S.K.: 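After the structure tokens below, expect a handful of questions from me.
Since we're looking at a predicted model, the values are computed, not measured. Just so you know, ligand 1 is whichever comes first in the structure, and atom 1 is the first atom listed for that ligand.
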Amino acid sequence: MRPLQPELERRRAAHLYRRRRVLGSAQGPLLQVDGEALLSFCSNDYLGLANHPQVVRALQRGAEQYGAGSGSAHLVAGHSAAHHALEEELAAFTGRPRALLYSTGYMANQGVITALLGRGDSVYQDRLNHASLIDGGLLSRAELKRYPHNDLGALAGRMACQRSGEALVAVDGVFSMDGDLAPLRELAELCREREAWLLVDDAHGLGVLGRDGRGSVDHFGLDDQAVPILMGTLGKAFGTFGAFVAGSEALIETLIQQSRSYIYTTALPPAVAEATRASLRLVQEEGGRREQLRLLIGRFREGAAQLGLDLMPSETAIQPILAGDAERAMAWSRALQAQGMLVIAIRPPTVPAGSARLRVTLSASHSTDQVDRLLEALGWLDRERLDREERA
Ligand SMILES: *Cc1c(COP(=O)(O)O)cnc(C)c1O
């Protein structure tokens, strides 16, 4: 058995050690973090629904009706009327014949790719895809072919070399650490030409982009023919927990029969499904939340550009500030915390080496005043001095 401690020490020395913070409050702009009150810019609760009274009340009612747990897997006796109704509502929302609930997005991505592909097939992935897509590809035993970020030419070239087997292209609709969009129109066209599946993971687009929050596929005016497999998570803009895949009748039946991460796991609590039904209604009815988010994004980008910060080409709630090395990203995060702000540094291997960053995320629940306070704190970040201190 190799000793584990030296590797942990190596991580610490390289500023790559990961540490958990303990939250003592509900999600929202103001958090109790390790006992300290901080203004947070790192949640994926983009619409401010995680602690919405109607969502919380639906969870309570769901628990009164169905209890705390689902009791078993969907295919045993855990598929409740709450799950079933949510699936039908998600199918209608995404404009697809059917939707299937998974317990997490990580499992949904694994479950889809492994159900559709096997040895001899090929899975094409953008280099910046979420880890769950990459891991799903590895687990499927299909040949994993990664291409440079949003490089359609490179993808087309690689696809043209495939001689046999099924092909599936998987992408984040909105890239989780960069906030930019995948070129879905061109990807859909390429997949149509090559008769390949297109799987869009819209964890960060649903609720935020498109008509009534229908996500990045809708944003580009694409339908279920162009993007046959849509995966969404419920723990981000929807503010609850879980995930789903939406697509054709045959796709969903295939997943029910063959998707191991669907079959061999306990269904999520029905009360959570009830809470998600409430948040799905709010996502559609309260367009003002998306409007507020858009205003804050514009305000933040304008202010940050004036400060000369290195922003990335993102029009979404994810607004990273590039730091470069992990040590610098950590120093910036610490300096912001000293001013009462929580902004998390994202380091390799979550992002490529040399592209460590602060991942600022905005939410409709932030006020303009709070965004201004963040900008002010970023302005105070005397980056040159911090850098010198690090080197000293
Ligand atoms: C968060 C996320 C997932 C995983 O979803 P969970 O429900 O948290 O497991 C998958 N894909 C992307 C792009 C994500 O951001």
Side-chain angles (χ1 to χ4, degrees), residues 18 20 27 42-47 49-50 83 86-87 90 94 99-114 123 125-140 146 149-150 168-182 184 187 198-209 213 215-217 219 227 229-246 255 259-262 265-269 272-273 275-276 279-280 312 314 316-320 344 346 349-352 357 359-363:
R18 301 176 194 260
R20 300 172 308 167
Q27 267 310 315
C42 45
S43 159
N44 298 318
D45 180 24
Y46 303 126
L47 298 179
L49 297 177
H83 296 121
L86 175 58
E87 287 182 344
L90 287 168
T94 57
L100 187 71
L101 282 176
Y102 279 79
S103 293
T104 71
Y106 190 98
M107 295 163 78
N109 280 336
Q110 273 202 355
V112 173
I113 300 176
T114 55
V123 58
Q125 304 229 16
D126 189 291
R127 278 216 168 271
L128 297 189
N129 273 357
H130 192 263
S132 55
L133 287 171
I134 303 292
D135 292 357
L138 290 170
L139 191 65
S140 76
R146 301 178 79 178
H149 181 48
N150 279 350
L168 182 147
V169 176
V171 283
D172 286 21
V174 174
F175 287 87
S176 57
M177 296 300 139
D178 291 57
D180 59 341
L181 308 184
L184 292 185
L187 282 165
L198 177 56
L199 159 58
V200 173
D201 170 344
D202 210 19
H204 302 277
L206 283 166
V208 175
L209 299 174
S216 56
V217 174
H219 170 82
V227 178
I229 315 170
L230 172 64
M231 175 277 192
T233 64
L234 304 171
K236 286 160 185 158
F238 288 93
T240 60
F241 186 76
F244 70 93
V245 173
L255 296 179
S259 184
R260 293 166 67 86
S261 60
Y262 178 75
T265 199
T266 301
L268 56 81
V272 172
T276 308
S279 73
L280 178 57
M312 296 172 84
S314 160
T316 66
I318 302 164
Q319 293 291 332
I344 302 298
I346 306 285
T350 305
V351 291
R357 66 199 64 180
R359 180 175 182 264
V360 171
T361 53
L362 299 169
S363 163

S.K.: Cut-off 3.5 Å, side chains only: do Thr240 and Thr276 have a donor facing an acceptor?
M.R.: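 There is such a pair between these side chains.
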S.K.: Would you mind checking which non-hydrogen protein atom is closest to atom 15 (O) of ligand 1, with the distance to 0.1 Å?
M.R.: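 Heavy-atom neighbour on the protein nearest atom 15 (O) of ligand 1: His204 NE2, 2.5 Å.
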S.K.: How far apart are the C-alpha atoms of Thr114 and Arg260, what are their side-chain angles, what is the distance that settles it, and do they pass the side-chain contact (heavy atoms from CB on, under 4.5 Å) test?
M.R.: CA-CA 8 Å; Thr114 55; Arg260 293 166 67 86; 5.6 Å; no
S.K.: Using a distance-only test with no angle check, is there a side-chain donor-acceptor pair under 3.5 angstrom linking Asp180 and His149?
M.R.: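 Short answer, yes.
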S.K.: Do Leu184 and Ser216 make a side-chain contact, defined as non-hydrogen atoms from C-beta onward lying under 4.5 Å apart?
M.R.: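 Yes - at least one pair of side-chain heavy atoms lies under 4.5 Å apart.
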S.K.: Does Asp172 approach ligand 1 within less than 4.0 angstrom via side chain, backbone, both or neither, non-hydrogen atoms only?
M.R.: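 Only the side chain of Asp172 comes within reach of ligand 1.
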S.K.: Closest non-hydrogen protein atom to atom 11 (N) of ligand 1, residue and atom name please, with distance?
M.R.: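 The protein heavy atom lying closest is Asp201 OD2, 2.5 Å.
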S.K.: Only heavy atoms of Ser132, strictly under 4.0 Å: list the atoms of ligand 1 that pass.
M.R.: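 Under 4.0 Å from Ser132, ligand 1 has these atoms: 10 (C), 11 (N).
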S.K.: Using 0.5 Å steps for rounding, measure from the OG1 atom of Thr104 to the CZ atom of Phe241.
M.R.: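 Spacing of OG1 (Thr104) from CZ (Phe241) equals 6.0 Å.
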S.K.: To check your reading of the model: name the closest protein heavy atom to atom 7 (O) of ligand 1, its residue, and the distance in Å.
M.R.: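 In this structure, atom 7 (O) of ligand 1 has Gly105 N, 2.7 Å as its nearest protein heavy atom.
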S.K.: Taking non-hydrogen atoms only, is Ala243 closer than 4.0 angstrom to ligand 1 via side chain, backbone, both or neither?
M.R.: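 Neither; nothing of Ala243 gets under 4.0 Å from ligand 1.
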S.K.: State the atoms of ligand 1, each with its element, that fall below the 4.0 Å cut-off from a heavy-atom position in Thr104.
M.R.: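 Close to Thr104: 7 (O), 9 (O).
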S.K.: Considering non-hydrogen atoms of the protein only, which is the closest contact for atom 4 (C) of ligand 1, and what is the distance?
M.R.: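 Here the nearest protein heavy atom works out to Tyr106 N, 3.6 Å.
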S.K.: Which ligand 1 atoms, with their elements, are less than 4.0 angstrom from a heavy-atom of Ala203?
M.R.: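 Those of ligand 1 that fall under 4.0 Å from Ala203 are 12 (C), 13 (C), 14 (C), 15 (O).
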S.K.: Taking the side chain as every heavy atom from C-beta outward, state whether Thr316 and His204 have any pair of such atoms under 4.5 Å apart.
M.R.: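 They are not in contact (no side-chain heavy atoms under 4.5 Å apart), so the answer is no.
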S.K.: Could you check whether His130 and Tyr106, counting side-chain N and O atoms only, form a donor-acceptor pair closer than 3.5 Å?
M.R.: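 Judged by distance alone, the side chains do not pair up.
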S.K.: Any idea which protein heavy atom is nearest atom 2 (C) of ligand 1, and the distance to it?
M.R.: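 Answer, as residue, atom name and distance: Lys236 NZ, 2.3 Å.
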